[in-house]
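Heads up: the structure comes next, in structure tokens.
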Amino acid sequence: MRKTVLDNIPIVEALYRLQRRISFHPETEWVPVADAGGRVTAEPVRAVSSMPAYPASAMDGIAVRAAETAAASQGPLRLREGKDFIFINTGDPLPADKDAVIMIERVRELGEGIVEIDEPAIAWKHVRQAGEDVTRGEVILPSRHLLRPVDLGALLAGGVTEAAVLSKPRVAVIPTGSEIVPPGKEVGRGQIIEFNGTVFAGFLKEWGAIPDYRGIVPDEIDAIRRAVSAAVQECDIVVLNAGSSAGTRDYTWRVLEELGEVVVHGVAARPGKPVVLALIDGKPVLGLPGYPVSAYLSLEWFARPLIQSWYGLEPEEKRTATARLTRPVTVKPGATDHIRLRLGRVDKELHAFPLSRGAGATLSMVRADALLRVPAESRGFQTGEEVQVELYRSPEAIDRSLLFSGSDDPVLPCLESMLRERDPSFSLSMEWTGSLGGVEALKKGECHMAGIHARGGRGCYFQKEMKDISYVRIHLAKRRLGWITAPGNPLNIQGAEDLARTRIDLVNRPRRSGTRMLLEELLEGKGIEPAMVSGFSREALTHLRAASAVACGTADVALGLEAAASTFGLEFLPVREENYEILLRRSFYESDAGEKWMDVLRSRGFRQALESYPGYDGTRCGEVL
Ligand SMILES: Nc1nc2c(c(=O)[nH]1)N[C@H]1C(S)=C(S)[C@@H](COP(=O)(O)OP(=O)(O)OC[C@H]3O[C@@H](n4cnc5c(N)ncnc54)[C@H](O)[C@@H]3O)O[C@H]1N2
Ligand code: MOO
């Protein structure tokens, strides 16, 4: 029997339903203070000794008895070493017969053990009293305190060498799926490399748990039952991954229902809907969806608060910012949508660029600077609307992010790495919007630079568009474009005329990309209507993705870069060479960041990297046009 209708419970409510049924009982462990960072105190910690343990001099100078220096108020007073004073350094114990220190700057040394002072000393001045910093018996830290490096210092200062901390929760991580194979194994068709488990383990560790990775379990009900039963025995929290939804082999909820009680199956969230929250022997068991984005987000919604409640800690406040959307975000009401965003600042304005929405878009989590939660009752936001976002990166890092928009080129990421090797505070945020898209973004002030391919005639499109904008035009490379086909060109595709043949499937590039415009031009030249070309409306975002479609046989031909064809070992038939250029906002070009960018672009290293790509000519790289 499969289950096709899931609950639609808001995340907070779902968590509450689980959490109110659980009480954790962490144990107390004694650990050396030096190893206690990141742990949580199990009880109040009292100082066992004082710091300083004796009255100590706070300055370099002489130790005296204040009353014996009173005469200095009448005029210079001479003191004799050993009798009236002793020399003392910062931190030295104050002799029992002394009660003040005079700084050496206020003392004239006359030689032969004689010094002269002009003012009387004040009792206990420049003296650190015993226990002034930490007093024996004093409570240094309360119970349920997350230990930071400064806390460890205070514990050691108070003579504490071992701290009583709460044991860490042990969290079982069980990736499920017969199609899942361990990393490093050869991946066959229909198989997927297991990586969610490693991500889970990393997050769990960061949040203070001990991840217990229990290996891949196939989609077999008995195997899952055995794995869950053992994990519940040995761990405090159990996290299963995948098999949470309605597939014929999605056994998670069934096993959890059989072994315990399913409290929630389905939350009002996108992605992340098919979450299963269950209780077995009083322990929480989370069945999280398999798609990576859903998996990571739902782990944070449910596992993180459980770990915090294990320690009795409050959730940390999230850092937020207000940013302006560069594109609309449209959603269906009824569930909270989670939109990953890239952020970047151009001339003071913080822009937000929605990333791919797919639950399987692993890279959207890597590239995301922030998360936008669209409330369940909302239908979304329009372009230009200001939204409140949760930050994944520091505001400082976001301010150093260079925004690039325009035509896809595979060498640009290597430019980013070279920039970061010189100054790691910078990052490059690339958005492939096509040449026209890049020009538009530059015009709207939504990027620092735009990558375009400029061609003669119709290719000068951008100059008219950009007439009110102050920018600098830089040559990056000459690159070769052509037909990409299967090795050996089995369908004998020689030009645009062949695209109208039956049984030839094209994979195209997005509207507003220069390559798409070139294709349209070539078809027009042969009098072929786009409607006559099978696959004309199928769009691959990048050159590499277009080549990938040809490589796995879902398309027969693409128009694209020789470099992309060569990555996949495909056939390449040259069509034309084009100049790839970067248009930089003048304000950026003249900034410190712009200067660094240009240095890298003109470096020998980049030129060499550029020319290692098949079909690239970097001779004029960095030339201002
Ligand atoms: N008819 C319906 N189909 C689906 C629904 C639905 O409501 N009705 N929900 C969709 C949603 S939403 C999600 S999310 C997924 C959840 O699927 P499962 O939790 O059952 O997971 P699988 O189908 O087994 O795997 C999905 C996908 O995830 C990747 N995966 C899984 N495990 C790992 C791993 N350990 N490491 C890396 N990647 C993993 C893999 O790409 C799988 O293809 O169901 C939809 N379907
Ligand atoms: O949870 Mo699914 O992740 O909505 O795609």
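When reading the values below, keep in mind they use all heavy atoms of this one structure, side chains included, and skip hydrogens, waters and symmetry mates. When a ligand or atom number is given, it counts from 1 through the structure's own listing order. Along the sequence shown, residues carry numbers from 1.
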Could you check whether any heavy atom of Gly177 sits closer than 4.0 Å to an atom of ligand 1, since that is the contact criterion I want to use? no
Any atoms of ligand 1 less than 4.0 Å from a non-hydrogen atom of Pro289? List them with their elements. 14 (S), 19 (O)
Taking non-hydrogen atoms only, is Asn241 closer than 4.0 angstrom to ligand 1 via side chain, backbone, both or neither? side chain
Please say whether Asp250 places an N or O atom under 3.5 Å from an N or O atom belonging to ligand 1. yes
Is the shortest N/O to N/O distance between Tyr291 and ligand 1 below 3.5 Å? yes
With nothing but distance in play, are any N or O atoms of Pro175 less than 3.5 Å from an N or O of ligand 1? no
Under a 4.0 Å heavy-atom limit, does Glu194 contact ligand 1 with its side chain, its backbone, both, or neither? both
Indicate, as side chain, backbone, both or neither, the part of Ile192 found under 4.0 angstrom from ligand 1 when only non-hydrogen atoms are considered. side chain
I'd like to know if Arg373 pairs up with Glu390 as an ion pair, taking the criterion as any Lys NZ or Arg NE/NH1/NH2 lying under 4.0 Å from an Asp or Glu carboxylate oxygen. yes
With nothing but distance in play, are any N or O atoms of Gly197 less than 3.5 Å from an N or O of ligand 1? no
Which one holds for Leu6 and ligand 1: side chain close, backbone close, both close, or neither close, with close meaning a heavy atom under 4.0 Å? neither
Before accepting this row, confirm whether a basic side-chain N of the pair Asp423/Arg400 lies closer than 4.0 Å to the acidic partner's carboxylate O. yes
I need the atoms of ligand 1 closer than 4.0 Å to a non-hydrogen atom of Ile193, numbered in the order shown. 36 (N), 37 (C)
Which bit of Ala242 is near ligand 1, meaning a heavy atom under 4.0 Å away: side chain, backbone, both or neither? both
Cationic N near anionic O, under 4.0 Å, Glu258 to Arg254: no
Is Ser294 near ligand 1, meaning one of its heavy atoms is under 4.0 Å from it? yes
Hey, is Arg516 close enough to Glu539 for a salt bridge, meaning N to O under 4.0 Å? yes
Anything under 30° is parallel, anything over 60° is perpendicular, the rest tilted; go ahead and classify Phe353 against His351. tilted
Any side-chain donor-acceptor pair under 3.5 Å between Gln388 and Thr320? yes
Glu562 side, atom CD; Thr567 side, atom OG1 - distance, nearest 0.5 Å: 10.5 Å
Examine the side chains of Thr336 and His338 and answer whether a donor and an acceptor come within less than 3.5 Å of each other. no
Heavy-atom proximity to atom 18 (P) of ligand 1, best of Gly243, Ser298, Gly266: Gly243
Among Pro274, Gly290, Ala295, Pro183, the residue with a heavy atom nearest to atom 31 (C) of ligand 1 is Gly290
Less than 3.5 Å apart, any donor N or O on the side chain of Tyr291 or Asn196 sitting next to an acceptor on the other? no
Sub-3.5 Å N/O-N/O distance, Pro292 and ligand 1: no
Consider only side-chain N and O atoms of Thr433 and Ser405, and report whether a donor and an acceptor are under 3.5 Å apart. yes
